[in-house]
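Chain letters run A, B, ... following the sequence lines, proteins first and then strands; every chain starts at 1. Side chains included, hydrogens not; waters and symmetry mates left out as well; all remaining heavy atoms used.
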Amino acid sequence: MSSLQMPLSPAWLARPSPEVAPELLGCKLVRRWPDGRQAEGVIVETEAYAPGDPACHGYRRRTQRNGVMFGPAGHSYVYLIYGMYHCLNVVTDGADVPSAVLIRALDLPEPPSWLQGPKNQPLRRWAAGPGKLCRLFEIDRSLDGSLLQPGESLWLKPPEPIRQEQFAVTQTTRIGLTQGADIPWRWYLTDSPAVSKRG
DNA sequence: TTCACGATTCTA
DNA sequence: AGAATCGTGAAG
């Protein structure tokens, strides 16, 4: 197995989220179902949440919902938002450090023909928005805390060689926040059509 | 136990 | 601009 095929390790993710978030651009998120079906998309938009950040779910205290954010890097943090959508985070940094990267958009160069939305929607080239990508990949709280490693429900792969070329990255403020709205911890591939719109 | 609200998305 | 929709967490 070449190094490019290796999954992103917990050690690689065990750094401050504002450092990891831009480096996750171009990496692949792989979703595997219990029946063996598998789909993957290229991460094109991320946001960082970290200690001292009033928008971070772990800003105040450890609770049942945000518990895995306080755990070691390399796990998923999935939460329900607005009572109807889920959001996927990659836990970063060390244990007891509430830190994570929100995956906001995926590009799907080769979507499997069986990968369709709930209402038998047409195949989409991309999933722009954290709620949309979780709906497409059927990610919910049952995956909260799962270890991101091959063979599990979710894991990460480094960029393909072709994607290792330089690509423009834009850094700006995060979307949909009332607190910490001025912190520029959102990154996206500048020219990707798969980036979420709002903001 | 209560209750206002949210790292969203879709419709008008 | 407003609705949909409900788990969470801070307050009482």
Using the rule side-chain contact (heavy atoms from CB on, under 4.5 Å), only one of Ile103(A), Leu189(A), Ile175(A) pairs with Glu45(A); which is it? Ile175(A)
Would the base of dA4(C) count as contacting Tyr82(A) through its side chain, where contact means a donor and an acceptor less than 3.5 Å apart? no
Watson-Crick or G-U wobble partner of dA7(B), both distances under 3.5 Å: none
Spacing of the C1' atoms in dC5(B) and dG2(C) (rounded, Å): 16 Å
Figure out the CD1/C1' separation between Ile81(A) and dA7(B), and round it to whole Å. 6 Å
Between Tyr85(A) and Arg141(A), which is nearer to the 5' end of DNA chain C once each is assigned its nearest nucleotide? Tyr85(A)
Main-chain N/O of Ser146(A) paired to Ser76(A) side chain as donor or acceptor, under 3.5 Å: yes
Arg135(A) side chain N/O closer than 4.0 Å to the phosphate oxygens (OP1, OP2) of dC10(B)? yes
Looking at Arg174(A) and Arg186(A), would you say the former's side chain and the latter's main chain have a donor-acceptor pair under 3.5 Å? no
Assuming nearest nucleotide by heavy-atom distance, tell me which of Lys132(A) and Leu88(A) is located more 5' along DNA chain B. Leu88(A)
Measuring centre to centre across the rings, with the benzene-like ring taken for any Trp, is Tyr79(A) within less than 6.0 Å of His86(A)? no
Give the rounded distance in Å between these two atoms: CZ of Arg60(A) and P of dG9(C). 11 Å
